[in-house]
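Have a look at the structure below, then the notes.
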Amino acid sequence: MRLQQYLARSGVTSRRKAEDLIRAGRVSINDQVAEIGATVGENDTVRLDGERVRLPQKIVVIALNKPKGYTTTHEDAHAEKLVYELVPEHPGLHSVGRLDKDTEGLLLLTNDGELTAFLSHPRNQVPKLYRVWSKRGRLSQEDCEKLDAGVMLGDGLAKAGEAQPVKGGAKLVLTEGRKREVRRMLGRVGHPVERLVRLAVGPIELGELGAGEWRYLSPEEVRLLRSNPALP
């Protein structure tokens with residue numbers, strides 16, 4: 001296995017960032033500083049900054065119905081409640097992207113860094129389906145067309161892959177993962193968000209999971225995520 005892939009699958013970094021770590025001389029194989037293009041065998045010892053890096057014993061992907069009030073990052077020292085309190089412990093487990101504290105719905109967690117990088121990279125255009133309730137009620141067709149055409153945010157133009165009016169608000173599809181993107185987009189068309197729920201990530205749906213409930217994805221679902229990450 002190529003060293004970049006090994007580091008990505010271990011969950012410590014993405015494959016692209018792994019190359020930067022290798023070039024910086026921070027990665028070793030069997031106590032020898034590694035170079036780009038190196039491969040890792042079954043009996044090799046890989047270290048990053050002197051710390052042993054291991055592949056997960058078992059790759060898992062978890063679908064969680066994230067409740068409101070839970071934080072998705074390990075690094076937030078001020079977080080009162082973390083999503084990791086709701087799911088089984090697995091070495092290297094992390095969230096695929098983030099949902100802000102006030103957003104509910106489908107959150108994928110895995111210990112496979114390579115899968116996370118694939119699902120998160122903007123070039124792969126993995127769609128996410130959201131249901132939003134507006135404080136002003138149902139969006140008009142004109143508002144949804146504005147979201148489809150794109151609205152300007154502080155970090156550039158943001159477009160919905162598809163937006164449609166529904167009772168109390170709208171449903172919309174996004175393929176990016178900017179911070180609080182849905183809330184900011186709705187604000188631009190005059191609809192402050194009252195409630196936001198993610199219903200699907202690619203082919204994986206929230207389904208019947210109750211708030212705080214979770215399940216393991218089947219091997220077939222994981223293969224589908226890797227090969228055809230389109231909405232159902």
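Between Lys128 and Glu181 no salt bridge is recorded (no basic side-chain N to carboxylate O distance below 4.0 Å). One finds a salt bridge joining Asp100 and Arg183 here, because a Lys/Arg side-chain nitrogen approaches an Asp/Glu carboxylate oxygen to under 4.0 Å. With respect to Asp155 and Lys179, no salt bridge is recorded, no charged nitrogen being found less than 4.0 Å from a carboxylate O.
Annotation: side chain of Val46 is in contact with side chain of Leu7 (closest heavy-atom distance under 4.5 Å). Looking only at side-chain heavy atoms (C-beta outward), Leu48 and Arg26 come within less than 4.5 Å of each other. For the pair Ile29 and Thr45, the minimum side-chain heavy-atom distance is 4.5 Å or more. Taking the side chain as every heavy atom from C-beta outward, Leu108 and Leu225 approach each other to under 4.5 Å. Between Leu139 and Ser134, some side-chain heavy-atom pair lies under the 4.5 Å cut-off. Looking at Glu221 and Pro203, their side chains never come closer than 4.5 Å, going by heavy atoms from C-beta outward. Side-chain contact between Val60 and Pro88 is absent, with no heavy atoms from C-beta onward closer than 4.5 Å.
Side chain of Tyr84 to main chain of Thr72: a donor-acceptor pair is present (N/O by atom type, distance under 3.5 Å, no hydrogens or angles). In terms of modelled atom types and a separation under 3.5 Å, the side chain of Tyr6 and the main chain of Gly41 share no donor-acceptor contact. At distances below 3.5 Å, at least one donor-acceptor pair connects side-chain atoms of Arg188 with backbone N or O atoms of Met152. Judged by distance alone, the side chain of Arg198 and the main-chain N or O of Gly105 form no donor-acceptor pair under 3.5 Å. Without hydrogens or angle criteria, Ser95 side chain to Arg98 main chain gives no donor-acceptor distance under 3.5 Å. No donor-acceptor pair under 3.5 Å is formed between the side chain of His94 and the backbone N or O of Leu109. Of the possible donor and acceptor atoms, none in the side chain of Asn65 sits under 3.5 Å from a partner among the backbone N and O of Glu213. The closest donor-acceptor contact from the side chain of Asn124 to the backbone of Phe118 lies under 3.5 Å. Between the side chain of Asn30 and the backbone N or O of Asp44, no donor-acceptor pair lies under 3.5 Å.
Considering all non-hydrogen atoms of both residues, Pro229 and Pro127 come closest at O-CD, 3.0 Å. Here the closest non-hydrogen pair linking Leu174 and Ala160 is CD2-CA, 3.8 Å. The minimum heavy-atom distance between Pro232 and Gly202, with the atom names listed, is CD-O, 3.3 Å. Met1 and Leu55 get closest at one heavy-atom pair: CE-CD1, 4.1 Å. Smallest separation of non-hydrogen atoms from Cys144 and Pro165: SG-N, 3.5 Å.
A continuous path of hydrophobic side-chain contacts links Leu82 to Leu86 [ILVMFWY only; heavy atoms under 4.5 Å]. Grouping the Ile, Leu, Val, Met, Phe, Trp and Tyr side chains by contacts below 4.5 angstrom, directly or via other members, places Ile204 with Leu199. Follow the hydrophobic side-chain contacts under 4.5 Å out from Leu209 and you never reach Val87; the two are in separate clusters. Residues Tyr130 and Val189 share a hydrophobic cluster, clusters being chains of Ile/Leu/Val/Met/Phe/Trp/Tyr side chains in contact below 4.5 Å. Follow the hydrophobic side-chain contacts under 4.5 Å out from Leu129 and you reach Leu106 in the same cluster.
Taking CG of Asn228 as the reference point, atom CZ of Arg223 lies at 13.5 Å (rounded to 0.5 Å). For the atom pair CG of Asp148 and CD of Gln141, the computed distance is 8.0 Å after rounding to the nearest 0.5 Å. Of the inter-residue distances, the one linking Asp102 atom CG with Thr71 atom OG1 reads 9.5 Å to the nearest 0.5 angstrom. Between the OH atom of Tyr216 and the NZ atom of Lys58 there is a distance of 6.5 Å, given to the nearest 0.5 Å. Atom CG of Leu186 and atom NZ of Lys135 lie 11.5 Å apart (nearest 0.5 Å). Going from atom OG1 of Thr73 over to atom NZ of Lys101 covers 13.5 Å, rounded to the nearest 0.5 Å.
Paired with Leu3 under the rule side chain to side chain contact (heavy atoms under 4.5 Å, CB included), one option of Ile36, Val40, Leu21 passes, and it is Val40. Exactly one of Arg131, Lys66, Arg195, Lys68 qualifies for a salt bridge (Lys or Arg N to Asp or Glu O under 4.0 Å) with Glu104. That residue is Arg195. Of the residues Leu196, Val132, Val197, the one that meets the side chain to side chain contact (heavy atoms under 4.5 Å, CB included) test with Thr103 is Leu196.
Listed by first and then second residue, the side-chain hydrogen bond (donor to acceptor under 3.5 Å, both in side chains) pairs involving residues 159-177 are Gln125-Thr175, Glu176-Arg178 (not counting sequence neighbours).
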Next on the checklist: Apply side chain to side chain contact (heavy atoms under 4.5 Å, CB included) to residues Leu115 and Arg226 and explain how you reach the verdict.
Outcome noted: CA-CA 7 Å; Leu115 177 62; Arg226 294 182 189 276; 3.8 Å; yes
Next on the checklist: Using the rule given for side chain to side chain contact (heavy atoms under 4.5 Å, CB included), can you reason through Thr110 versus Ile62, listing the C-alpha separation, both sets of side-chain angles and the distance that settles it, and then say yes or no?
Outcome noted: CA-CA 6 Å; Thr110 185; Ile62 294 173; over 6 Å; no
Next on the checklist: Under the criterion side chain to side chain contact (heavy atoms under 4.5 Å, CB included), I'd like the reasoning laid out for Asp31 against Arg47: C-alpha separation, chi angles, the key distance, then a yes or no.
Outcome noted: CA-CA 8 Å; Asp31 296 324; Arg47 297 183 187 277; 3.8 Å; yes
Checklist entry - Given the rule in the side chain to side chain contact (heavy atoms under 4.5 Å, CB included) test, do Leu153 and Met185 qualify, once you have shown the distances and angles that lead to the verdict? => result CA-CA 7 Å; Leu153 305 179; Met185 290 176 68; 4.1 Å; yes
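By the neighbour-count criterion of 12 heavy atoms within 6.0 Å, atom CD of Glu85 is densely surrounded, having more than that number from other residues, nucleotides or ligands.
Remark: Arg2 pairs with no residue by the salt bridge (charged side-chain N to carboxylate O under 4.0 Å, His left out) rule, at least two apart or across chains.
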